[in-house]
Amino acid sequence: ETALFRAAKFAGGGGTTDRYTIDYRRTLALLLQAGAAPNVPNHNRSLPLYFAREDWVIAALLAGGANPNAPTDRPPLIEHAAHPERVRRLLAAGARADVRDVHGTSPLDVAAGAGQLASVQPLVAAINAGKGAAAARAVMGGSALRSAAAGGNPQVVALLLAQGLPPDVDMLHLAVSGGHLAAARQLQQAL
């Protein structure tokens, strides 16, 4: 890991080790000013943006030239999909909402499964932007609605059903087995 990677990864942890106190805000700023490359992955092909756990770290990395769409097996938007402010910040920086990781998981899948309506809304809007309804549905896929059924937030389920995503019986069973009766009712009515 580069020094910039470690600063981004550990920022927000208090900055105190057994020997030192580290001002990560200043360290990150100095590294970026000195020309540290924010798109250099670690040995696992993860980017500093992926490990940034604080909104200010994400903002600093983006301002320092971090590319939210840099090639990686672990796209930052997927990691941060359950955090609405991070989603908005990454989308505003040009992150692709239709990205998937090596397992086929999308940011929408993660946000829907976490029941984060405030993350799902901008992701759906970004997917719909400039696409026809059929193309947007293809990008969203059935996995987002399946995740929403398992997560159980009825508002998220309603939003995805309104996008034309088709429910199936397995989704209904996921909602029922999770005790998410309001979401289950919506899925049952849509079936």
Side-chain angles (χ1 to χ4, degrees), residues 1-127 129 139-140 143-144 147-148 150-153 155-156:
E1 296 175 344
T2 66
L4 180 67
F5 192 104
R6 291 185 68 77
K9 182 177 177 179
F10 294 112
T16 303
T17 68
D18 56 343
R19 300 176 112 190
Y20 308 102
T21 299
I22 300 167
D23 181 345
Y24 283 109
R25 207 177 276 268
R26 185 164 185 252
T27 301
L28 197 60
L30 288 171
L31 288 167
L32 289 167
Q33 288 170 2
N39 295 313
V40 174
N42 69 359
H43 63 283
N44 290 325
R45 295 187 28 96
S46 295
L47 301 169
L49 267 177
Y50 180 87
F51 280 102
R53 297 291 180 251
E54 301 285 333
D55 292 339
W56 69 265
V57 176
I58 293 172
L61 289 170
L62 291 170
N67 176 0
N69 298 313
T72 178
D73 294 342
R74 301 166 82 183
L77 188 57
I78 294 172
E79 174 63 18
H80 300 295
H83 303 277
E85 180 55 37
R86 296 177 193 173
V87 167
R88 285 189 287 278
R89 187 178 304 280
L90 289 166
L91 288 173
R96 292 183 44 213
D98 62 349
V99 69
R100 292 193 178 266
D101 67 11
V102 294
H103 305 291
T105 303
S106 74
L108 187 57
D109 297 341
V110 173
Q116 285 293 333
L117 182 64
S119 290
V120 170
Q121 290 168 324
L123 288 167
V124 166
I127 291 168
V139 168
M140 289 181 215
S143 57
S147 295
N153 182 323
Q155 294 172 308
V156 172

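We count residues from 1, following the sequence as given.
Between the side chain of Ser106 and the backbone N or O of Asp98, no donor-acceptor pair lies under 3.5 Å. Panel note: side chain Asn42, backbone Asn44; a donor-acceptor pair is recorded below 3.5 Å. Between the side chain of Asp109 and the backbone N or O of Ala144 there is at least one donor-acceptor pair closer than 3.5 Å. A donor-acceptor distance shorter than 3.5 angstrom exists from the side chain of Asn69 to the backbone of Gly94, with no hydrogens or angles considered. Side-chain N or O atoms of Ser147 include one that pairs as donor or acceptor with a backbone N or O of Ser143 at under 3.5 Å. Remark: the backbone N or O of Gly65 is paired with a side-chain donor or acceptor of Asn39 at under 3.5 angstrom.
Using a 4.5 Å heavy-atom threshold, the side chains of Pro41 and Ser46 count as separate. Between Leu62 and Leu49 the shortest side-chain heavy-atom distance falls below 4.5 Å. Looking only at side-chain heavy atoms (C-beta outward), Leu28 and Trp56 come within less than 4.5 Å of each other. Contact check for Leu123 versus Val87: side-chain heavy atoms found under the 4.5 Å cut-off. Looking only at side-chain heavy atoms (C-beta outward), Pro68 and Arg89 stay at 4.5 Å or farther from each other. A heavy-atom distance below 4.5 Å is found between the side chains of Arg53 and Glu79.
Shown here for Gly64 and Leu32, the closest heavy-atom pair between the two residues is CA-CD2, 4.1 Å. Of all the heavy atoms in Leu31 and Ala7, the pair that sits closest is CD1-CB, 4.1 Å. Pro38 and Ala66 make their closest contact through CG-N, 3.5 Å (heavy atoms, listed as atom of the first residue, atom of the second, distance).
Put simply, CD on Glu85 and OG on Ser119 are 10.0 Å apart, with the number rounded to the nearest 0.5 Å. One distance of note links CG of Leu61 with CG of Leu47; it measures 10.0 Å at 0.5 Å rounding. Atom CD in Gln155 sits 11.0 Å away from atom CD in Gln116 (nearest 0.5 Å). Separating the CG atom in Asp101 from the CG atom in Leu77 is a distance of 11.5 Å, to the nearest 0.5 Å.
A distance of 6.0 Å or more separates the ring centres of Phe10 and Tyr24.
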**Study point:** Residues Ile127, Leu108; criterion side-chain contact (heavy atoms from CB on, under 4.5 Å); working and verdict
**Key:** CA-CA 9 Å; Ile127 291 168; Leu108 187 57; 4.0 Å; yes
Steps toward salt bridge (charged side-chain N to carboxylate O under 4.0 Å, His left out) verdict (Glu1, Lys9) = CA-CA 10 Å; Glu1 296 175 344; Lys9 182 177 177 179; 3.0 Å; yes
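By the 6.0 Å contact criterion, CZ on Arg45 is enclosed, its count of non-hydrogen atoms from other residues, nucleotides or ligands being greater than 12.
For the side-chain contact (heavy atoms from CB on, under 4.5 Å) test with His80, the passing option among Ile58, Asp55, Val110 is Ile58; the others fail.
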